[in-house]
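Have a look at the structure below before the remarks.
Since this is a predicted model, take the numbers as computed values, not measurements. Just the heavy atoms: all of them, side chains too, but no hydrogens, waters or symmetry mates, feed the values below. In what follows, chains are A, B, ... by sequence order, proteins preceding strands, each numbered from 1.
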Amino acid sequence: MSVGGLDERVEEPSEEEEEEFRESFEEEELEVVPISVEEPKNTGPCVLLAVIYDGSVGKALCKLYDPSNGKIYYWHDNTGHMPYCLTDLTPEQVKRHAVAAHKGFRGVYEVEKYDPLRDRVLKFSKIVASDPLSIGGRKRSIREILPKAWEDRIPYNNCYIYDSGLIPGLYYMVVDGDLKPAPMEFPRDVASEILKFFNGEPKEVLDCVKDWLPLFLIPVPDIPRLAIDIEVLSTANRIPEPSKAEDQVICISCVSSNGLKRVFMLKREGIDEGVKPKTLPEDVEIRFFEDEGEMLREVFKLITSYPIIVTFNGDDFDLNYLRHRATNIGIKREEIPLAMGRNYVDVVPGVHIDLYKFFSNRSIQVYAFGNRYKDATLDAVATSLLGVGKITLDKLISDLSYYDLAAYCFRDAEITLNLTSFNDGIVMKLIMLLMRISKLSMGDVVRRGVSVWIRNMLYYEHRRRNYLIPSKEDIIAAKGVSVTRALIKGKKYMGAIVIEPKPGIYFNVTVLDFASLYPSVLYRWNLSYETINCPHEECRGNRVPELPHWICTKRRGLSSTIIGMLRNMRVYWFKPKAKDKSLDPTVRTWYSVVEQGLKVFLNASYGVMGDENFPLYCPPVAESITAIGRYVISKTIEKAKALGVDVLYGDTDSIFLYQPTQDQVKRLIDWSIGEFKIDLDVDKVYRYVTFSGLKKNYLGVFNDGSVDIKGLVGKKRNTPEFLKKLFMDVVEILGKVQSPRDFEEAKLKIRSVVRDYYVKLKCRELNLDDLAFRVKLSRDLDHYVKTTPQHVKAAKLLEKFQSRKLGAGDIISYVKVKGDMGVKPIQLARIDEVDVDKYVGHMETTLRQILEAIGINLDEIFGVRSLDKFFSKK
DNA sequence: AACTGTGGCGTACCTC
DNA sequence: GAGGTACGCCACAGTT
């Protein structure tokens with residue numbers, strides 16, 4: 001043990017202290033599982049699924065999947081790679097410094113790094129440590145002792161990935177004990193065709209394309225996987241707690257991608273066998289167990305035989321529960337192939353993916369699945385993506401017969417598996433692609449957000465080029481904060497332009513939009529944290545329109561290059577090819593996966609630049625992107641007007657043209673490419689559009705009669721059902737309008753529909769469900785301190801009358817009633833208390849947004865004095 | 001002291 | 001990430 005100065009005596013911090021401190025850091029500690037896994041000296045090509053830190057031997061561990069035999073192999077680092085961080089002290093200074101006495105300190109040597117902020121190569125000292133927690137994650141870790149450290153907050157497994165140039169999701173093989181990239185075939189002709197699109201782009205971009213093409217073209221294997229779902233015997237009013245695992249596991253369902261369908265059932269006193277329900281498929285095998293431990297052991301054996309284990313919420317529940325339950329009932333550690341991490345559960349020897357986390361990812365939900373599911377619950381996701389949801393129960397789990405329990409539990413496992421298999425397995429393919437782009441292990445892709453993906457992708461590229469990864473403070477110190485002021489209070493910088501639309505109906509409207517405007521701007525204007533306000537005097541003239549910032553003319557920005565390359569790949573190749581019906585279906589599926597994966601990255605690339613939690617956060621870059629965006633759209637609108645076209649509306653990257661000729665459209669598109677090198681495309685053509693006069697608020701009817709509704713209250717999730725129905729009835733009538741002449745008839749129909757609803761409302765012929773506002777609690781009830789919104793009031797009332805606690809995420813259904821409170825939860829309200837006038841008001845605002853535009857006077861319908869006149873018309 | 005009118009603000013949901 | 005809309009809450013001012 002090394003001897004430090006007196007003040008450097010390291011006291012072991014207490015358990016709690018340590019725990020609390022670690023909270024804010026990324027360094028994960030994974031439980032060590034004493035199960036040995038094959039580590040052959042030679043293998044065929046294997047897919048790299050994960051790189052983790054194996055604490056038992058203090059080395060990086062690669063989990064490899066061999067498609068030729070379905071096995072998982074382990075490979076431990078044999079290059080002597082160790083955790084490290086950088087400092088600007090010289091090696092001599094380090095040796096005299098207290099860190100040299102740190103018990104994890106293993107050495108120091110000088111390295112050269114290119115500093116992108118200063119555009120200079122600088123010398124640093126690389127401090128090597130015995131284990132990741134010596135670098136950071138403890139109170140007295142090396143980085144805490146140093147005056148300043150760099151690259152000290154990178155999880156070790158990822159650091160290993162960068163330094164060894166590994167790409168998770170690609171093929172590697174073990175050759176005489178060493179890990180080597182496996183040469184993989186991919187269509188070279190396709191690669192050269194894609195390269196053609198990059199003709200004339202800078203050399204940095206071309207190099208980048210060549211490096212990245214294999215990631216998009218090497219096929220991904222279909223990896224066998226096992227889905228697991230468990231049921232626990234819970235006593236009436238207690239939710240089973242995984243960390244205690246006090247209750248018996250009574251049923252475990254396993255379904256695999258290679259045909260296994262098995263239910264493990266614990267025998268219990270007095271439980272009926274029941275009748276086999278139709279919902280339980282014929283070929284499901286049910287195995288009964290007298291002993292819970294024996295049942296768990298069987299399932300554990302199965303877990304070890306699959307490379308991938310799939311669950312829905314297994315991190316927080318199923319696998320977590322099994323892990324603790326197994327210990328509680330005396331199963332030996334070496335028989336439990338589950339490893340607890342801080343917020344997740346890993347499996348041995350394979351990889352566990354928790355689909356709940358993946359589908360909860362906002363970017364996945366919005367950009368990969370187009371918001372097709374609204375809630376990331378198993379039932380909601382499965383219902384919308386597979387068309388099959390959970391089985392609904394009318395009894396407690398504990399009261400179900402064996403057959404009913406089996407059917408219920410099996411269904412959950414089955415749809416969990418199918419979420420990875422539907423549409424030719426696009427979800428697994430997408431995960432694999434995201435691994436390749438982000439350079440993250442499978443588990444990280446599934447569990448972490450898009451900001452971590454992009455961070456890791458960019459860090460990897462930094463290391464590849466021997467760039468210093470700057471600290472957040474360095475970037476802010478060098479580049480400053482934003483100079484623009486946002487229109488909305490509390491935002492950090494100015495955003496996009498929204499044109500004020502003129503209210504009315506307009507026939508023959510063409511909408512043009514810029515193909516991924518912000519990534520295009522990022523690319524064409526060479527925007528990166530290091531290129532904005534660069535240190536060169538001679539670049540100061542290359543200004544961002546309307547802003548004091550300038551952009552480097554001497555070097556290409558790293559993030560600009562990478563994101564631009566991804567953007568071009570998507571726009572020029574994968575997006576059009578994914579729609580090309582002449583291609584082989586398998587190829588097309590893969591292309592559409594790549595297209596969607598790229599979309600996720602591109603759409604987030606701007607967002608992270610303006611997110612203060614992003615480690616490469618750079619406000620001048622973020623505000624320059626939006627400023628150039630405003631510049632581009634403004635100039636385009638000017639040009640359209642110069643071409644003689646009326647611009648009705650525009651938002652961020654779109655412009656609505658009133659009755660343009662084909663020639664005018666073409667000339668505008670050509671002009672945009674010539675002027676900005678940014679593609680402007682025809683996005684949609686409307687038969688007609690109605691504008692209410694409000695921004696982000698319009699209705700467009702396509703030529704086929706389908707209707708596009710944006711921002712109108714009648715479409716919002718929380719508007720009462722009866723208003724939505726009324727609204728949709730009106731919209732249906734509008735969809736049938738072919739020409740201005742049809743409006744007179746449509747208006748008559750609309751009046752009659754509106755009147756019917758009005759009468760129903762007035763006569764209270766609607767039920768409470770139809771009248772309910774359904775609003776989500778964004779936080780727990782006691783966290784609303786400034787105001788008490790209506791749904792919170794309703795929730796508080798409801799809580800008094802039921803045992804269940806209400807909190808963040810719960811959707812509260814309430815109706816507006818007469819009286820002091822103004823609202824009541826639907827469960828406590830009666831139809832005769834409803835405040836009809838309030839609802840009339842809502843009817844009015846809902847309809848106003850479309851009816852005023854088409855010349856229906858709402859005051860005439862709703863105005864008190866003209867009511868009689870309205871009714872007497874018929 | 002109890003009402004009423006107003007404007008800023010908080011919250012939810014949506015658009016790009 | 002910023003830009004919007006709807007709507008109720010709440011404080012405050014100026015009555016009644």
Check the distance between [N]'s [atom2] and [X]'s [atom1] and give it to me in whole angstrom.
| X | N | atom1 | atom2 | result |
| --- | --- | --- | --- | --- |
| A:D653 | C:dG3 | CG | P | 15 Å |
| A:K715 | B:dT15 | NZ | C1' | 9 Å |
| A:I488 | B:dG10 | CD1 | C1' | 14 Å |
| A:F773 | B:dC13 | CZ | P | 12 Å |
| A:Y814 | B:dT11 | OH | P | 14 Å |
| A:F656 | B:dC16 | CZ | C1' | 11 Å |
| A:L517 | C:dG1 | CG | P | 19 Å |
| A:K710 | B:dC16 | NZ | C1' | 9 Å |

salt_bridge([X], [Y]) N-O dist < 4.0 Å:
| X | Y | value |
| --- | --- | --- |
| A:K492 | A:E612 | yes |
| A:K635 | A:E675 | no |
| A:K696 | A:D651 | yes |
| A:D679 | A:R567 | yes |

Need one value for [X]: base, sugar-phosphate or nothing, where a base atom within 4.0 Å counts as base even if backbone is also close, heavy atoms only.
| X | answer |
| --- | --- |
| A:Y698 | sugar-phosphate |
| A:Y784 | sugar-phosphate |
| A:R779 | sugar-phosphate |
| A:M494 | sugar-phosphate |
| A:S778 | sugar-phosphate |
| A:I709 | sugar-phosphate |

* A:N718 side-chain proximity, nearest of C:dG3, B:dC13, B:dC16 ->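 When the side chain of A:N718 is considered, B:dC13 is the closest of C:dG3, B:dC13, B:dC16.
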* To do: Between B:dT15, B:dC13, C:dG3, spot the one nearest the side chain of A:R717, thanks.
  =>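 Selected nucleotide (nearest to the side chain): B:dC13.
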* Is the phosphate of B:dA12, meaning OP1 or OP2, less than 4.0 Å from a side-chain N or O of A:H791? -> yes
* Testing A:D653, A:I655, A:D683 for side chain to side chain contact (heavy atoms under 4.5 Å, CB included) with A:L512, which one passes? -> A:I655
* Structure fact -> Here the residues of residues 617-641 of chain A within 4.0 Å heavy-atom distance, strictly under, of DNA chain C are none
* Side-chain contact test, heavy atoms from C-beta onward, threshold under 4.5 Å: evaluate it for A:V445 versus A:S438 and give yes or no. =>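 Counting from C-beta outward, A:V445 and A:S438 do come under 4.5 Å.
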* For the residue pair A:N533 and A:P620, establish whether any side-chain heavy-atom pair is separated by less than 4.5 Å. => yes
* A:H462 and A:Y529 aromatic ring geometry - parallel, tilted or perpendicular at 30°/60° bounds ->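 Aromatic pair A:Y529/A:H462 classed parallel.
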* Which residue, A:V792 or A:K489, contacts DNA chain B at a nucleotide closer to its 5' end, judged by nearest heavy atom? -> A:K489
* A:Y506 and A:Y686 aromatic centres sub-6.0 Å ->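 Not under 6.0 Å, so no.
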* Structure fact -> Value for CD1 (A:I437) from CG (A:N456), rounded to nearest 0.5 Å, stands at 12.5 Å
Between protein and nucleic acid, restricted to nucleotides 5-13 of chain C and to nitrogen or oxygen atoms under 3.5 Å apart, what atom pairs and distances do you find?
residue	atom	partner	partner atom	Å
C:dT5	OP1	A:K695	N	3.2
C:dA6	OP1	A:Q849	NE2	3.1
C:dC7	OP1	A:H842	ND1	3.3
C:dC7	OP1	A:T845	OG1	3.0
C:dG8	OP1	A:K816	NZ	2.8
C:dC9	OP1	A:K793	NZ	2.9
C:dC10	OP1	A:T788	N	3.4

